[in-house]
Amino acid sequence: MSTQKRILSGMRSTNPRLHIGNYEGALRPWLKLQEDHKMYCMVADWHALTELQDEPQDVRKNALEVAKDFVAAGIDPSRSSVFIQSDVKEHAELSLLLGMITGVGKLERNPTYKDKTSDVTSETMISYGLLGYPVLQSADILLYKPSGVPVGKDQAPHLELTREIARSFNAKFGDVFPEFVNVIDQDESRSKVPGLDMRKMSKSYDNCIYLSDTPEQTAKRIKSAFTTPSKIAKSDPGIPEGCSVCQYLKLYSPDWEKQWDEDRRGERGCSQSKNELTELINEYFRPMRERRAALSDDDILDILKKGSDEAREFAAATMDEVRRAMRLV
Ligand code: TRP
């Protein structure tokens with residue numbers, strides 16, 4: 001087994017397609033990490049079920065699409081293990097066992113849980129799975145004894161809970177789980193990509209640019225992007241800080257400072273900015289889109305088979321230790 005330091009990270013497959021916010025905030029940092037770590041890149045399909053809508057979801061199909069986006073973005077399956085959570089049943093077993101040493105009060109105080117349940121009425125069913133979300137996430141992480149977990153700020157409470165669960169396990173049953181660090185993206189300015197309407201980029205707001213969009217779809221989406229409302233004519237001054245197109249130029253254009261100045265001074269129109277941005281984004285994501293188009297269903301199934309075999313091998317060894325420590329065997 002490799003002696004490289006391990007990193008585990010995951011993404012929920014609530015949406016079948018990843019957007020450029022997912023890419024900049026999560027996938028791009030993984031690409032750097034895979035250069036000198038053994039990466040386990042997990043599609044968290046069970047986590048996607050914690051918010052089961054009335055309609056059944058295409059859980060498997062969505063997970064396969066997300067895995068394709070991982071590989072298209074540059075996760076190298078010959079180095080990193082790409083796998084789907086539900087293909088490695090050890091996650092369920094460890095989650096169940098960790099649940100035995102996790103207080104319900106702690107889970108009820110978890111900010112994500114409080115957020116998701118704050119506006120529910122008494123008729124709405126809050127699932128046991130939603131309450132236990134961080135326990136399953138702890139199992140995801142601890143199975144791989146990683147040195148670090150790369151996640152955004154919103155996940156920090158989950159990582160803290162994972163640490164508390166690990167410490168409490170180690171104190172009760174003996175040292176099984178080593179400490180890990182939160183791996184923070186060095187390039188934090190890229191990690192918050194606004195949506196086309198300047199709200200958070202989210203499928204539910206219909207304000208995303210997707211990795212798998214065609215250049216034409218990208219052009220169409222950018223055409224409708226939010227710009228400075230008071231800038232109607234080219235000569236009207238713009239406010240780049242509040243304009244989504246200018247925000248993206250900052251990310252993708254080497255000349256953004258000049259473009260912002262021109263926008264402020266009324267020396268460039270929004271449609272010019274939109275056209276330039278469309279070119280830049282299409283160029284930036286072209287290699288990923290080409291890789292995605294070349295990836296067949298069989299290719300991704302092979303990649304996931306290899307990835308889940310590798311993940312299972314490590315996870316099974318950890319589970320042996322856990323069962324022994326808990327005197328289940
Ligand atoms: N909760 C994470 C999110 O919503 C997804 C996730 C599941 C995860 N398991 C994980 C992230 C383990 C890091 C490690 O983005």
Side-chain angles (χ1 to χ4, degrees), residues 6-19 21-30 33-34 37-52 57 59 62-63 66-67 69-70 73 75 80-92 94-95 98-99 102 107 110-116 127 129-166 177-185 191-193 200-204 307-308 311 314-315 318:
R6 285 173 306 283
I7 294 277
L8 175 284
S9 201
M11 217 183 273
R12 244 175 349 146
S13 48
T14 327
N15 304 320
R17 299 192 307 149
L18 299 183
H19 52 63
N22 299 130
Y23 174 76
E24 296 294 348
L27 289 176
R28 196 181 37 78
W30 295 4
L33 286 165
Q34 81 174 342
H37 293 83
K38 171 66 195 169
M39 290 280 294
Y40 292 92
C41 305
M42 181 188 71
V43 181
D45 61 339
W46 278 334
H47 275 115
L49 285 170
T50 56
E51 286 172 83
L52 196 54
Q57 300 175 38
V59 183
N62 292 356
V66 172
D69 274 343
F70 283 6
I75 299 296
S80 303
S81 304
V82 178
F83 70 102
I84 296 178
Q85 187 182 37
S86 65
D87 285 338
V88 183
K89 308 297 183 208
E90 282 77 3
H91 290 243
L94 185 58
S95 177
L98 296 179
T102 309
L107 296 173
N110 164 34
T112 318
Y113 179 75
K114 285 209 288 196
D115 261 15
K116 298 226 149 119
S127 73
L130 182 66
L131 181 68
Y133 186 115
V135 183
L136 179 57
Q137 183 162 349
S138 301
D140 297 339
I141 294 168
L142 296 175
L143 275 177
Y144 300 93
K145 301 185 177 180
S147 62
V149 180
V151 279
K153 279 204 189 79
D154 62 320
Q155 294 293 313
H158 289 163
L159 296 199
E160 209 34 57
L161 229 140
T162 303
R163 278 190 195 94
E164 287 173 21
I165 293 176
F177 300 120
E179 295 273 327
F180 63 89
V181 298
N182 296 16
V183 182
I184 309 289
D185 184 17
S191 66
K192 275 258 161 333
V193 180
K200 188 177 168 233
M201 190 175 276
S202 160
K203 184 190 171 212
S204 52
S308 56
F314 200 95
T318 306

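Just so it is clear, the structure is predicted and the values come from calculations on it, not from any experiment. In listed order, ligands and their atoms are each counted from 1.
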When you measure from the side chain of [X] to the backbone of [Y], do you find a donor-acceptor pair of N or O atoms at a distance under 3.5 Å?
| X | Y | value |
| --- | --- | --- |
| Thr318 | Phe314 | yes |
| Ser13 | Asn62 | no |
| Gln34 | Met39 | no |

Do the rings of Tyr40 and Phe83 sit parallel, tilted or perpendicular, given the 30° and 60° boundaries?
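Rings of Tyr40 and Phe83: perpendicular, over 60°.
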Distance alone, cut at 3.5 Å: any donor-acceptor contact between the side chains of Ser86 and Asp45?
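Yes, side-chain donor-acceptor contact under 3.5 Å.
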Expected rows: ligand 1 N/O, protein N/O, dist below 3.5 Å:
from: ligand 1; atom 1: 1 (N); to: Tyr133; atom 2: OH; distance (Å): 2.7
from: ligand 1; atom 1: 1 (N); to: Gln137; atom 2: OE1; distance (Å): 3.0
from: ligand 1; atom 1: 1 (N); to: Gln155; atom 2: OE1; distance (Å): 3.0
from: ligand 1; atom 1: 4 (O); to: Tyr133; atom 2: OH; distance (Å): 3.2
from: ligand 1; atom 1: 4 (O); to: Gln155; atom 2: NE2; distance (Å): 3.4
from: ligand 1; atom 1: 9 (N); to: Asp140; atom 2: OD2; distance (Å): 2.7

Do Tyr113 and His158 make the cut of ring centroids closer than 6.0 angstrom?
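Ring-ring flag for Tyr113/His158: false, centres at least 6.0 Å apart.
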